[in-house]
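To start, the structure itself, in structure tokens.
Every chain is numbered from 1 and lettered A, B, ... according to where its sequence line falls, protein lines coming before strand lines. Here the structure is a predicted model, which is why all the values come from computation and not from measurement.
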Number of protein chains: 2
Amino acid sequence: MDTTQRTDQQRSADRRRRELLEAADRVVLRDGPQASMNAIAAEAGITKPILYRHFGDKGGLYAALAKRHTDALLDSLRAALDAPADRRERVEATLDTYLAAIEARPQVYRFLMHPADGGQVGDQGFDVGKHSVPLLRRMGEELAQVIEDRVDLGPGSQQLARVWGHGIVGMMHAAGDWWLGERPCSRAELVRSLADLLWGRLAAAGDKVGGPGF
Amino acid sequence: MDTTQRTDQQRSADRRRRELLEAADRVVLRDGPQASMNAIAAEAGITKPILYRHFGDKGGLYAALAKRHTDALLDSLRAALDAPADRRERVEATLDTYLAAIEARPQVYRFLMHPADGGQVGDQGFDVGKHSVPLLRRMGEELAQVIEDRVDLGPGSQQLARVWGHGIVGMMHAAGDWWLGERPCSRAELVRSLADLLWGRLAAAGDKVGGPGF
DNA sequence: CTTGCATGTTACTTGCGGTAACTCGAGTGT
DNA sequence: ACACTCGAGTTACCGCAAGTAACATGCAAG
């Protein structure tokens with residue numbers, strides 16, 4: 001059992017795993033997150049137990065699937081975030097990148113964000129909500145890091161950066177989710193509105209006085 | 001079949017329904033959202049089909065459960081939002097109210113926000129994600145209304161208010177979720193940090209220059 | 001040829017959501 | 001007093017999906 005053979009096997013296993021994930025991707029994107037293991041196995045041209053050998057349980061498969069997309073999205077966000085530009089431009093670019101991603105592949109987005117699981121059933125001890133939370137959390141942490149690295153916030157900067165990281169990501173997420181459902185305006189308008197919000201326009205605006213009695 | 005009798009029946013049915021919801025509440029808060037219909041029925045001292053007569057299916061029960069809590073939370077938020085105070089004070093009061101609520105009853109919060117459903121299985125056509133999304137959406141719409149009513153935003157104010165409503169709610173939600181999990185600071189600090197973010201402190205802060213090479 | 005070992009399959013168990021069909025008890029008209 | 005409806009409740013079942021056990025097959029090494 002020399003190293004070369006082990007590597008061979010490992011390579012083939014990894015390759016198989018990737019094929020399975022791609023098949024699962026197709027099915028999940030077609031049937032939604034309630035896709036059954038049988039359906040995924042059939043799409044991959046095999047049967048259930050193999051899926052279980054590779055991923056443990058349904059949660060494992062979904063986690064692997066989510067990781068792929070999450071990593072891909074985070075990569076593109078990092079590019080926008082790390083660009084050598086003005087802060088406002090970077091914020092707008094990041095927002096736009098995120099929104100463009102969810103606009104381009106809403107099915108993927110729904111899968112990542114609205115688990116609406118499928119992995120809740122059965123015995124017990126299944127760790128629910130494995131997908132959406134990690135993505136938001138990871139985005140939040142990355143953003144926090146960037147903020148802390150590049151913005152001068154004085155004392156307590158680390159905690160402030162983390163709060164803001166998670167808060168901004170949540171703002172982006174919720175606004176994007178709503179926008180994707182209703183499409184009330186163009187992507188550019190949404191980006192602008194959100195950036196305006198972050199730029200303190202809510203605080204700067206005046207009170208409305210013409211209202212009824214208020 | 002005069003009106004009085006019909007009312008009597010309706011009253012008893014409503015009362016029963018309330019009892020069932022309270023039982024369901026206990027089970028869900030104890031077992032998490034994967035509580036089975038059997039368990040809920042047992043807690044209520046009856047058997048499954050009655051639950052189905054009252055709520056249609058599991059989604060119906062969960063929706064009814066979610067509506068109760070959602071309405072209660074929205075009521076307390078409205079109070080903070082409509083207070084006759086300075087805008088910043090109102091914002092901080094609202095954030096604090098929300099955070100206090102999720103801090104006081106994290107189980108309820110988890111149920112509302114992280115469906116981690118249970119209603120994914122079976123035949124088909126089950127509308128997933130019936131709970132969490134409505135709560136965030138309703139909060140967003142309410143906040144949008146308040147913003148539009150009380151803040152002078154010039155042209156395009158309605159759309160801007162809606163974007164901000166959903167965005168701010170999302171910020172509050174994500175930051176609260178993260179905070180509830182890690183408890184990195186006090187509630188008051190979190191409120192202050194988020195309000196600072198909305199007040200444009202991110203835009204106002206200077207670039208960090210001491211960093212390595214940036 | 002046989003012994004591992006990875007890969008795959010069939011066939012099963014378990015447990016849950018959901019439903020059909022029956023039972024029971026209380027009020028009502030004659 | 002008696003049959004009759006009607007709502008509340010129960011038992012027993014179906015279908016389906018997750019997950020598993022036990023059996024088959026192809027292929028390298030000794």
Inset, instruction - Please tell me which of the listed nucleotides, dG18(C), dG9(D), dA18(D), lies nearest to the side chain of I50(B)? - result: dG9(D)
Inset, instruction - Answer yes or no on whether R88(A) is positioned over the face of W199(A), meaning its NZ or CZ is under 6.0 Å from the six-membered ring centre and within 45° of the axis. - result: yes
Inset, instruction - Would you indicate, yes or no, if dT10(D) has its OP1 or OP2 atom less than 4.0 angstrom from a side-chain nitrogen or oxygen of T47(B)? - result: yes
Legend entry - Nucleotide nearest S36(A) when distance is taken to its side chain, options dA17(D), dG17(C), dT9(C): dA17(D)
Legend entry - Electrostatic pair R17(A):D14(A) at N-O distance under 4.0 angstrom: no
Inset, instruction - Starting from the 5' end of DNA chain D, give me the residue, N38(A) or R53(A), whose nearest nucleotide shows up first. - result: N38(A)
Legend entry - Which nucleotide in dT9(C), dG19(D), dG18(C) has an atom nearest any side-chain atom of K48(B): dG18(C)
Legend entry - Heavy-atom donor-acceptor pair, K58(A) side-chain to dG19(D) base, under 3.5 Å: no
Legend entry - Whole angstrom value for the distance that separates P of dG7(D) from CD1 of I46(B): 18 Å
Inset, instruction - Ignoring the backbone of Y52(A), work out which of dG19(D), dG17(C), dG9(D) is nearest its side chain. - result: dG19(D)
Inset, instruction - Provide, to the nearest angstrom, the distance between the CD atom belonging to E19(A) and the P atom belonging to dT7(C). - result: 12 Å
Legend entry - Atom-to-atom span, NE2 of H54(B) to C1' of dG9(D) - whole angstrom: 11 Å
Inset, instruction - Look at the aromatic rings of Y62(A) and F111(A) and report parallel, tilted or perpendicular, splitting at 30° and 60°. - result: perpendicular
Legend entry - For atom CG of D31(B) and atom C1' of dG15(C), their distance in whole Å: 15 Å
Inset, instruction - Kindly indicate whether a cation-pi arrangement holds for R162(A) with W164(A), taking the cut-offs as under 6.0 Å to the six-membered ring centre and within 45° of the axis. - result: no
Inset, instruction - May I ask you to evaluate whether R16(B) reaches the phosphate of dG9(D), defined as a side-chain N or O under 4.0 Å from OP1 or OP2? - result: yes
